[in-house]
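Notes to accompany the following structure.
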Amino acid sequence: MARKTQTPTWVCTECGWTTTKWVGRCGECQTWGSVVEKGAPKLTEVAPATPTSKAVPISQVSEQAAHRHLTGISELDRVLGGGLVPGAVVLLAGEPGVGKSTLLLDVAAKWAQAGRRTLYVTGEESAAQVRLRAGRTKALADELYLASETDLGTVLGHIEQTEPSLMVLDSVQTVGTSEADGSPGGVSQVREVTGALVRVAKRRGMAVIIVGHVTKEGSIAGPRTMEHLVDVVLNFEGDRHSGFRMVRATKNRYGPADEVGCFEMTDSGIMEVPDPSGLFTSDNADPQPGTCVTVTMEGRRPLLSEVQALVAPSASEKYPRRTTHGVEGGRVAMILAVLERKAGLPLSNRDVYVSTVGGARISEPSADLAIAVAVASAVLDTNFPTRVVALGEVGLAGDLRRVPGLEKRVGEAARLGFDLAVVPRNSRQAHTKVPTMHGLHVIEVGSVAESLSVLNLRRQRRADR
């Protein structure tokens, strides 16, 4: 019988995607000209080896070796699930200039100030540049050691000499080794560097935080296997025009993977924001026409966000403008169509502008009702007699759908002094028309039209036409 020939494999040098034939554009990361041929791997039989340690029942494994240590930054500890676990490898990814290095230098300094030895390895800056930033942000400590290296072997040598309990590598794309193919930042190099750091972290019980860059599309640069190698993946998000930053966990082997930490970038460094709801609402004590507040869930944390709308006569009745900022344009267009067909608001010949306050980005469907209420208030130029928060997903039939985490959302609104909440019907088991939750009056409605009637936003509908 003739032996089958092995099919060559083509691999993307940017993300590690494989295919059986050459293509000009990677099917995973959509990069042009990055697919190269790689020989088929040879399968070899591995002989069994004698284990160095005996397997034991899981109930007899000590938990002390995985005892968490606080980083000194409560918002980061919140995302990590209560602190850093010895031997854990954390990948922190974010866009250039968002503040990754500033945050991790602060983490390293606070870790060292607690009497624990820390090694900060930088491949993008010189040691003098890092020292200058540390002096500006007051991130100096005697137990904080600094090295500027780009060779993996030298980095491992620094670990053996310093024996730290925490190591920060900034960034993994700048470190390379001669034992792997390609240049630093490539698929093979990033995989080899990450794998070596994971092995030394598990062997020494040393926590490791790795900085990773992101691509133009916002995904973590390098192969996806890099995310599988590490224990925790954090994304550092923020708008260049706003000082507000968020650390979001997308993978966490030691805690919840849906938690969010809030920070603010200032001249003196990264500052924690334990109560960020006030950043996304205006300072006006009285409700204004064209505004409505909603509560979104960032991880398990409720955040208040204010939606503002402006409706004006259009210069071109055939092509009215629809401008949005902080909310999805397609979602707003759908809500405007529902308001015109199901609530009778004249919007087809008017320009509509919808924006959020403080640079917040709202992608949750639970903010649909707040957008609808803000637009209706802008059309009628009418404000509310009391502070109102609106929650609910709007359907194409004009109905409202329930939102998850209603108790937390309403509780946050009550804590910040709101008086009335409009929520979808059957959101909670209540037998009264105006139930009370956390001292806040709650009105349950079944449709967008009913919610506008409750808020007296349909009184002038015919006159307005």
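Position 1 is the first residue of the sequence; numbering continues from there.
One side chain, Asp77 or Thr71, offers a donor N or O that lies under 3.5 Å from an acceptor on the other. If you check the side chains of Trp111 and Ser165, you find a donor sitting under 3.5 Å from an acceptor.
You'll find the side chain of Pro320 stays beyond 4.5 Å of the side chain of Arg350, heavy atoms only. Put simply, the side chain of Asp231 reaches to within 4.5 Å of the side chain of Lys202, judged on heavy atoms. Inter-residue side-chain proximity for Ser451 and Leu369 is flagged as met; some heavy-atom pair is nearer than 4.5 Å. Side-chain atoms of Ser447 and Lys342, non-hydrogen and from C-beta on, never get closer than 4.5 Å to each other. Counting only heavy atoms from C-beta outward, the side chains of Ser101 and Val211 never approach each other to under 4.5 Å.
Taking the centre and axis of the six-membered ring of Phe263, the NZ or CZ atom of Arg245 falls outside the cone set by 45° and 6.0 Å.
At most 12 non-hydrogen atoms from other residues, nucleotides or ligands lie less than 6.0 angstrom from CZ of Arg361.
Under a 3.5 Å cut-off, the side chain of Lys100 and the backbone N or O of Asp170 do not form any donor-acceptor pair. The backbone N or O of Leu80 lies less than 3.5 Å from a partner atom in the side chain of Asn252, making a donor-acceptor pair. One N or O on the side chain of Ser377 and one on the backbone of Thr382 form a donor-acceptor pair closer than 3.5 Å. The backbone N or O of Thr291 sits nowhere less than 3.5 Å from a side-chain atom of Glu306 that would complete a donor-acceptor pair. Side-chain atoms of Gln308 do not come within 3.5 Å of backbone N or O of Ser355 as any donor-acceptor pair. Within the 3.5 Å criterion, the main-chain N or O of Ser316 finds no donor-acceptor partner in the side chain of Arg321. Proximity of a side-chain donor or acceptor of Arg409 to a complementary backbone N or O of Val295 within less than 3.5 Å is detected. Remark: side-chain polar atoms of Asp351 are not paired, donor with acceptor, to backbone N or O of Ala312 under 3.5 angstrom. Between the side chain of Asn235 and the main chain of Arg248, no donor-acceptor pair closer than 3.5 Å is present. Of the possible donor and acceptor atoms, one in the side chain of Ser453 sits under 3.5 Å from a partner among the backbone N and O of Ala449.
Leu146 CG to Thr118 OG1: the interatomic distance, rounded to the nearest 0.5 Å, is 11.5 Å.
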So Glu364 and Arg331, salt bridge (charged side-chain N to carboxylate O under 4.0 Å, His left out) or not? Walk me through it.
-> CA-CA 10 Å; Glu364 269 195 274; Arg331 197 88 189 169; over 6 Å; no
Report task. Take Arg78 and Glu272 through the test salt bridge (charged side-chain N to carboxylate O under 4.0 Å, His left out) and record every step on the way to the result. Result -> CA-CA 11 Å; Arg78 176 192 183 103; Glu272 299 180 67; over 6 Å; no
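Residues Arg131 and Glu125 are not paired through a salt bridge, judged by the lack of any N-O separation under 4.0 Å between the basic side chain and the carboxylate. Salt bridge status for Arg415 with Glu412: present, with a side-chain N to carboxylate O gap under 4.0 Å.
Each of Leu76, Leu103, Thr250, Leu91 was compared with Leu234 under the side-chain contact (heavy atoms from CB on, under 4.5 Å) criterion, and only Leu76 meets it. In summary, of the residues considered (Leu452, Val373, Ile371, Val379), a side-chain contact (heavy atoms from CB on, under 4.5 Å) with Leu339 occurs for Leu452 alone.
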